[in-house]
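Here the structure is a predicted model, which means the values were calculated and not measured.
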Amino acid sequence: MRNVAFVEGVRTPFGKVGDKGIYAGTRADDLVVKVIRELMRRHPELPPERVDDVAIAATTQTGDQGLTIGRTAALLAGLPKSVPGFAIDRMCAGAMTAVTSIAGGIGFGAYDIAIAGGVEHMGRHPMGEGVDPNPRIVADKLVDPTALVMGQTAENVHDRFPEITKQRTDEYAAQSQERYADAVKAGKIGPELVPVAIRNAELGWGLATEDEPPRPGTTVEQLAGLKTPFRPHGRVTAGNAAGLNDGATGAILADEDTARELGLPVGMRLVGYSFAGVEPEVMGIGPVPATEKLLARTGLSISDIGLFEINEAFAVQVLAFLDHFGLDATDERVNPWGGAIACGHPLASSGVRLMTQLSRQFAEHPEVRYGLTTMCIGIGMGGSVLWENPAYDGSDK
């Protein structure tokens with residue numbers, strides 16, 4: 001098996017859904033095209049014909065997110081027609097699965113270099129658009145009916161862990177907004193963003209250069225007064241959950257020897273990955289068994305992990321993970337630049353956002369050897385990917 005290197009990741013700014021969102025007039029596939037072109041622009045040392053495949057994920061594979069988007073986006077981006085591509089769907093973990101699928105091919109020797117990423121235009125394609133769930137899923141009691149509504153699954157996690165109160169989730173959400181705002185001010189978030197030309201019917205042409213969802217200055221007191229749309233007197237609100245968003249991500253992955261031969265940077269090195277299934281009605285706990293399986297396979301423990309990038313679909317889901325592994329919600333190793341509650345969660349694209357941020361954090365922390373990217377996944381799953389810091393200096397774990 002060969003070492004798999006994460007070369008670099010980029011993403012578009014994330015937008016809000018709706019007619020007033022920054023990408024209301026932008027096609028989903030054009031977001032992916034912009035990402036692919038930017039990756040190639042940043043790495044002129046990579047001959048386009050050396051790209052062996054393009055894997056792009058989308059949860060709702062229809063319209064401008066359909067037609068085998070990995071292949072069509074590669075063509076639209078100007079890659080040689082000899083470069084193939086394909087599409088992936090594992091709901092929120094689409095881009096994560098694109099990375100692990102490509103990584104498996106690199107490790108096996110089928111690829112030397114490839115591109116993996118994801119896109120979700122939830123404004124054009126709401127989650128579940130056009131689907132026809134088999135009635136047996138509910139009629140045969142295979143899952144609880146709440147399993148099909150992600151906000152209700154988050155309320156179910158609250159039920160299972162009553163010690164995770166709404167106060168705690170609101171405190172975590174306010175922290176995410178604060179950390180994100182601090183990271184933007186410090187220039188830590190921004191270099192990975194790809195400016196996107198946008199068009200508004202009333203305002204004309206513009207340029208998207210920053211994330212639209214964040215609400216800097218959000219306080220716990222403000223969050224406390226928000227409605228609980230999924231249950232009367234519930235605990236999940238628009239403030240302690242990720243919003244509905246549009247955006248795309250992408251990354252170059254390579255065999256480490258090939259990367260060094262071409263002069264490509266090595267941002268981090270893949271150690272291992274695991275996916276796990278859980279009861280669909282409490283899908284938010286998925287990262288726990290996925291991470292336990294991953295640690296068991298790699299022979300590491302949670303104490304070996306120096307940085308964590310956990311997707312913040314819901315604050316309760318992050319806190320369930322932290323409580324299980326004995327980590328504090330204010331731990332500086334956990335989402336140090338904030339997370340999806342602040343910047344947004346365009347479903348299938350988010351996995352590569354986590355990886356991109358972890359790679360850039362590794363460069364700042366040579367004392368950290370291992371980092372984890374993990375997320376919950378709709379219909380009752382979790383995914384975790386473990387990475388090694390190539391800049392590790394041996395001074396700590």
Pairwise ring-ring contact (aromatic ring centres under 6.0 Å, His included) hits with a residue in residues 287-325, at least two apart: Phe321-Phe325

Those residues that, when tested against Arg269, pass salt bridge (charged side-chain N to carboxylate O under 4.0 Å, His left out) (two or more places apart): Glu256, Glu388

Glu178 side chain to Gly217 backbone, donor-acceptor under 3.5 Å: no

Sequence neighbours excluded - salt bridge (charged side-chain N to carboxylate O under 4.0 Å, His left out) pairs with any residue from residues 334-356: none

Inter- and intrachain pairs under ring-ring contact (aromatic ring centres under 6.0 Å, His included), touching residues 126-179, at least two apart: none

Residue pairs involving residues 105-135 (criterion ring-ring contact (aromatic ring centres under 6.0 Å, His included); sequence neighbours excluded): none

Shortest non-hydrogen contact from Leu294 toward Leu372: CD2-CD1, 3.8 Å

Under the side chain to side chain donor-acceptor pair (under 3.5 Å) test, residues paired with His43 that sit two or more places apart: Glu8, Glu45

Residues in ring pair (Phe, Tyr, Trp, His ring centres under 6.0 Å) contact with Tyr23, at least two apart in sequence or another chain: none

Residues clustering with Trp205 (ILVMFWY side chains joined when closer than 4.5 Å, directly or via others): none

Side chain to side chain donor-acceptor pair (under 3.5 Å) involving Gln167 - partner list, sequence neighbours excluded: Glu171

Pairs touching residues 224-234 that satisfy salt bridge (charged side-chain N to carboxylate O under 4.0 Å, His left out), sequence neighbours left out: Asp159-Arg231

Sequence neighbours excluded, every pair satisfying side-chain hydrogen bond (donor to acceptor under 3.5 Å, both in side chains) that has a member inside residues 72-93: Arg90-Thr97

Salt-bridge present (Glu38, Arg42; N to O < 4.0 Å): yes

side-chain hydrogen bond (donor to acceptor under 3.5 Å, both in side chains) contacts touching residues 10-19 (sequence neighbours left out): Arg11-Asp211

Carboxylate-amine/guanidinium contact Asp64 Arg124, below 4.0 Å: yes

Pair Arg2 + Asp112: basic N to acidic O under 4.0 Å: yes

Side-chain ion pair, Arg160 and Glu279, N-O less than 4.0 Å: yes

